Amino acid sequence: MNKKNIWILILLIIGISGIVAVEGYAKPKVREQEARYAAEQQNPYTHDISRTLQFKSKYMGDAGNLMNLNNSLPFNELNRTYQLYPDELTAELKFPNSSVYVDAAKLKEMLVYNTIANFAMIDNLQVLRLTFEDITFTIHRKAVEEWYGGEDSLRPLQNEKQWHEVVQTKMKDNAYIEQFNEQLVEKNFIEGNKRR
């Protein structure tokens, strides 16, 4: 074998080794990290609010922004459509099935975390409704602002550190979740359903 063929063989071995390393180790590691991050985004305890901050807006009338905001929040795997009522400064998230298909504890967490995020990120949103086939949950901005200390108390939550300290750390407190749901969430049952 001449030197040229030896170099070609060495380069071929190095190239194949590199491909094996990238395809067999590096790419699976990256996919694993991406899957873990995606799973963390479905949990209010580990959700990265920085992704959501890009959707803050002074006005609730931008349907695309509202959709992107809610798709960046936990529980975005639940199918839904959106309805805006600009004259009433109200947004409605419509879920095409019954709330019984959502774990009760997770639903209560969603009503806290996602509601606060919607009000904190959309300055003039006054009412948020989450409508399932069996129940409608209605939350008013004024009640949430009072919960956090009064008018404009939600604006500081547009800061990652403030969000973490004021909202995210409390998500593990079951009493906090229950209190929020009992005091701030109006429930209107549809067709006599009284599960929640």
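As a basis for the values below, the full set of heavy atoms in this structure was taken, side chains included, without hydrogen atoms, waters or symmetry mates. Values in this document were obtained by computation on a predicted structure and should not be read as measured data.
Leu93 is listed as a side-chain neighbour of Leu128, based on a closest heavy-atom distance under 4.5 Å. You'll find the side chain of Leu157 stays beyond 4.5 Å of the side chain of Phe119, heavy atoms only. Ile190 places none of its side-chain heavy atoms less than 4.5 Å from the side chain of Ile135. In this structure, Pro44 and Phe75 have side chains that are in contact, with non-hydrogen atoms separated by less than 4.5 Å. You'll find the side chain of His47 reaches within 4.5 Å of the side chain of Gln168, heavy atoms only. At a threshold of 4.5 Å between non-hydrogen side-chain atoms, the residues Tyr85 and Glu92 count as touching. Within the 4.5 Å cutoff, the side chain of Glu186 has heavy atoms near those of the His140 side chain. Contact check for Leu78 versus Met110: side-chain heavy atoms found under the 4.5 Å cut-off.
Atom CD1 of Ile49 sits about 6.0 Å away from atom CG of Leu73, to the nearest 0.5 Å. Considering CG of Leu84 and CE of Met60, their distance stands at 4.5 Å, rounded to 0.5 Å. From Gln41, atom CD reaches atom CG of Asn71 across 13.0 Å, with rounding to the nearest 0.5 Å. Within the model, atoms OG of Ser50 and CD of Glu160 stand 4.5 Å from one another, a figure rounded to the nearest 0.5 Å. Going from atom CG of Leu53 over to atom CE of Met121 covers 4.5 Å, rounded to the nearest 0.5 Å. Atom CG of Asn174 is separated from atom CD of Gln179 by 12.0 Å, given to the nearest 0.5 angstrom.
Side chain of Ser72 to backbone of Leu69: a donor-acceptor contact under 3.5 angstrom is found. Without hydrogens or angle criteria, Glu146 side chain to Ala143 main chain gives no donor-acceptor distance under 3.5 Å. Between the side chain of Ser153 and the backbone N or O of Glu151 there is no donor-acceptor pair closer than 3.5 Å.
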Go through the steps for Thr90 and Arg129 under the test side-chain contact (heavy atoms from CB on, under 4.5 Å), then give the verdict. CA-CA 8 Å; Thr90 299; Arg129 275 196 304 260; 3.9 Å; yes

Going through the checks in order, is the side-chain hydrogen bond (donor to acceptor under 3.5 Å, both in side chains) test met by Asn70 and Asn76? CA-CA 7 Å; Asn70 282 281; Asn76 62 27; over 6 Å; no

Worked verdict on Asp123 versus Arg155 for salt bridge (charged side-chain N to carboxylate O under 4.0 Å, His left out): CA-CA 8 Å; Asp123 292 346; Arg155 190 175 308 271; 3.3 Å; yes

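Of all heavy-atom pairs between Trp163 and Ala120, the closest is CZ3-CB, 4.3 Å.
For Tyr176, the ring-ring contact (aromatic ring centres under 6.0 Å, His included) test picks out Trp147, with sequence neighbours left out. Remark: Phe55 pairs with no residue by the ring-ring contact (aromatic ring centres under 6.0 Å, His included) rule, at least two apart or across chains.
Between the side chains of Thr136 and Asn188, no donor-acceptor pair is found at a separation under 3.5 Å.
In summary, of the residues considered (Leu125, Leu89, Asn118, Ile122), a side-chain contact (heavy atoms from CB on, under 4.5 Å) with Arg141 occurs for Leu125 alone. Of the options Leu130, Val127, Asn114, Asn181, a side-chain contact (heavy atoms from CB on, under 4.5 Å) to Ile139 is made by Leu130 and by none of the others.
Ion pairing between a basic and an acidic side chain is recognised when a charged N comes within 4.0 Å of a carboxylate O; Glu109 and Lys106 show such pairing.
Residues Tyr59 and Met67 are members of separate hydrophobic clusters, defined by side-chain heavy-atom contacts under 4.5 angstrom among Ile, Leu, Val, Met, Phe, Trp and Tyr.
At least one cation-pi condition fails for Lys187 and Phe137: the charged atom is not both under 6.0 angstrom from the six-membered ring centre and inside a 45 degree cone around its axis.
Under the 30°/60° scheme for interplanar angles, the aromatic rings of Phe132 and Phe95 are found to lie parallel.
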